[in-house]
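Throughout, protein chains are lettered first and strands after them, A, B, ... in sequence-line order, and every chain is numbered starting at 1.
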Protein chains: 2
Amino acid sequence: MVTLRDVARAAGVSLATASRALSDAPHVSAANREQVVRTAEALGYRPSHAARALTTGSTGTIGLVLPDLENPFFAAVAKGVQGRARETGREVLVADTDEDGDLERDLVDRLLDRVDGLVLCSPRMPPPALERVVADGRVALVNREAPGAPSVSFDTADGVRQALAHLRALGHDAVAYAGGPAASWSDALRRSAFTAGGAAEVEATEVLDLGAFRPVHAGGVQAADLALAAGASAVLCFNDLVALGVLARLHARGVRVPDDVSVVGFDDVAAATLVTPPLTTVAVPLARAGRQAVDLLDVTGGRAAGQAPERRCLPTHLVVRSSSGPAPAPAASSPAVRLSPDPEVVIP
Amino acid sequence: MVTLRDVARAAGVSLATASRALSDAPHVSAANREQVVRTAEALGYRPSHAARALTTGSTGTIGLVLPDLENPFFAAVAKGVQGRARETGREVLVADTDEDGDLERDLVDRLLDRVDGLVLCSPRMPPPALERVVADGRVALVNREAPGAPSVSFDTADGVRQALAHLRALGHDAVAYAGGPAASWSDALRRSAFTAGGAAEVEATEVLDLGAFRPVHAGGVQAADLALAAGASAVLCFNDLVALGVLARLHARGVRVPDDVSVVGFDDVAAATLVTPPLTTVAVPLARAGRQAVDLLDVTGGRAAGQAPERRCLPTHLVVRSSSGPAPAPAASSPAVRLSPDPEVVIP
DNA sequence: TTGTACGCGTTATCAC
DNA sequence: GTGATAACGCGTACAA
């Protein structure tokens with residue numbers, strides 16, 4: 001292994017000069033700099049990251065902890081973190097927690113003393129544990145918030161509002177909600193978007209809570225039957241994976257989408273465009289969130305002790321594809337009370 | 001920051017003894033070990049990875065370079081690498097190359113001097129560059145092979161054989177192949193599985209080469225039209241993403257699967273079960289490959305200089321779902337030459 | 001501008 | 001069994 005000492009010796013300068021020359025520091029004559037760079041190249045010098053980290057105290061590495069690499073939601077965030085880290089000359093240490101809150105806690109601890117900062121994506125750990133973790137001051141949250149921690153989350157409430165307004169405009173006056181896990185922070189947000197009164201245009205919409213489902217395809221299959229039994233003409237889902245499950249089940253049961261039932265998802269993962277019919281869904285800027293989390297890590301370092309950390313909330317927007325359409329006219333298959341058009345509605 | 005020196009001082013022992021005590025080394029009295037461990041705990045001592053790496057020369061980190069984190073194929077491999085690394089007490093530095101061979105080369109270089117070993121998944125770089133990289137001796141390949149490098153790949157030839165035998169048994173005697181990028185190592189393997197004569201049971205099958213497509217959904221859409229025009233009753237696809245595209249396009253054009261056309265994919269990614277109809281596909285042990293690559297990294301270190309690196313080939317197996325079925329009886333919609341059963345075939 | 005010397009936190013090699 | 005002490009490779013005050 002060729003060290004800086006070797007380069008300095010070969011270039012006929014001191015260690016300090018060689019160091020300065022290679023790190024673009026001032027106070028080096030052009031001639032010497034040239035000479036050092038040249039011999040470093042010639043000798044195939046590779047700086048030792050370990051040594052550098054030891055003296056500077058910075059590793060040039062940021063950590064990323066997420067629940068599941070195979071989940072397209074997290075993969076998209078990871079991609080964003082990657083990209084931004086690369087642009088700023090850093091590497092990313094990724095840890096997959098397998099959706100396990102305890103393991104997550106361990107990994108965060110292990111990672112924290114090998115990285116400059118940590119991006120925690122959709123952490124599953126309970127609030128007290130999370131608060132202890134963010135107290136370290138070097139972690140940024142994605143898709144969750146905690147007191148004292150910088151975070152970037154999504155305006156899901158507005159996403160829900162947009163989805164409901166869309167369905168309302170199509171004539172759906174009762175929409176079912178296939179929710180995510182009860183412990184989910186995101187699900188709480190979506191739910192509160194209903195109950196908190198929402199915007200004026202959705203006031204008239206009745207929301208049927210189908211319950212809590214595992215945020216995967218199977219959860220959607222389960223939810224679909226419930227939605228059908230409840231006679232809903234539209235189903236809003238916790239995420240796209242659930243929506244895909246709903247779509248599959250409806251298809252299997254011979255229910256046409258969107259003719260009989262409309263389905264709306266959340267997140268706009270890649271698979272949303274690949275199914276039939278393409279899924280109407282609330283798009284969430286996943287990669288952008290990952291990138292911004294990396295930036296928040298940086299400002300965090302420079303932040304004064306008393307200053308409140310920055311909380312960003314990224315906008316969401318509805319992407320209308322083909323899984324949503326006008327509410328069906330009341331028909332024989334609808335609940336009894338709707339068998340025929342209500343007379344009082346017909347008469348002005 | 002509390003250092004080992006602090007612990008030693010507080011415990012009333014020397015630096016050396018403290019170090020030995022905490023690293024489970026021999027030659028330490030039980031009493032002292034107990035005492036050191038206790039005070040380290042009390043003081044909240046965290047060993048410095050940078051310092052340790054500097055003296056030991058090992059970082060406890062392995063690198064993983066892959067083309068695209070959002071591609072479920074690579075995500076599965078990454079998950080395997082993660083899992084195995086964790087079990088063996090190491091962290092994983094992940095780098096996403098965005099399918100760019102040049103960037104890949106750079107990243108490999110940058111990563112190599114921060115990690116103990118590197119797993120290169122489906123590298124896109126040309127063979128000469130790859131050979132130079134693996135010459136380092138600390139890299140293991142997944143889904144590609146190179147002279148002198150340990151690697152774990154898949155028995156795709158057998159996968160192709162299984163798929164063709166399956167289709168043959170269903171009465172398809174002409175199957176179309178929707179190939180991947182010409183530069184793809186995997187595609188070359190699949191293609192050669194056809195031309196190399198294959199096993200006896202597939203000899204009689206005629207293979208229509210549809211051409212090379214981008215290994216994504218859109219590629220499948222493109223391929224589907226070609227398959228239809230060629231009058232194929234079955235399409236074997238480079239990977240599941242392409243197969244999903246084929247499925248979507250066939251559906252859009254009113255072609256029933258598997259009644260009119262059978263479709264078979266490759267890889268068995270999660271999405272394969274989520275579409276309608278569920279995809280028949282060749283399953284490939286992705287996560288297992290990732291795990292084994294990590295292990296190969298270890299044996300590589302202990303390997304004698306002259307010893308050839310290990311090349312593993314993991315078995316594949318066909319998963320029959322609902323996208324493949326019996327070949328349709330010749331009908332009006334078939335190519336003209338098949339409008340009616342050929343007389344000469346009917347007469348024995 | 002250049003060079004000297006010290007410190008970063010650990011592990012490892014010696015004596016004792 | 002224990003404790004000085006020397007690396008490990010680099011950054012950087014400080015002196016020249």
Going from CG on Asp68(B) to CG on Asp98(B), what distance comes out if it is rounded to the nearest 0.5 angstrom?
6.5 Å
Listing request: all side chain to side chain donor-acceptor pair (under 3.5 Å) pairs with a residue in residues 136-149 of chain B, at least two apart in sequence or in separate chains.
Ser122(B)-Asn143(B), Asp136(B)-Arg138(B), Asn143(B)-Ser186(B), Glu145(B)-Ser153(B), Glu145(B)-Arg311(B)
Are Leu296(B) and Val152(B) packed together at the side-chain level, in the sense that at least one heavy-atom pair is separated by less than 4.5 angstrom?
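In short, these two side chains touch, coming nearer than 4.5 Å.
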Quick one: are Val92(A) and Val94(B) in side-chain contact, heavy atoms under 4.5 Å?
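No, their side chains stay 4.5 Å or more apart.
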In the 5'-to-3' direction, what one-character label does each nucleotide of nucleotides 2-13 of chain C receive under the scheme B = base within less than 4.0 Å of a protein heavy atom, S = sugar-phosphate only, - = no such atom?
BBB--BBBBSB-
For [X] and [N], give me the distance from atom [atom1] to atom [atom2], rounded to whole Å.
| X | N | atom1 | atom2 | value |
| --- | --- | --- | --- | --- |
| Asp6(A) | dC8(D) | CG | C1' | 13 Å |
| Arg114(B) | dC10(D) | CZ | P | 14 Å |
| Arg9(B) | dG3(D) | CZ | P | 14 Å |

Under 4.0 Å between a Lys/Arg side-chain N and an Asp/Glu carboxylate O for Arg84(A) and Asp295(A)?
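Salt bridge: yes.
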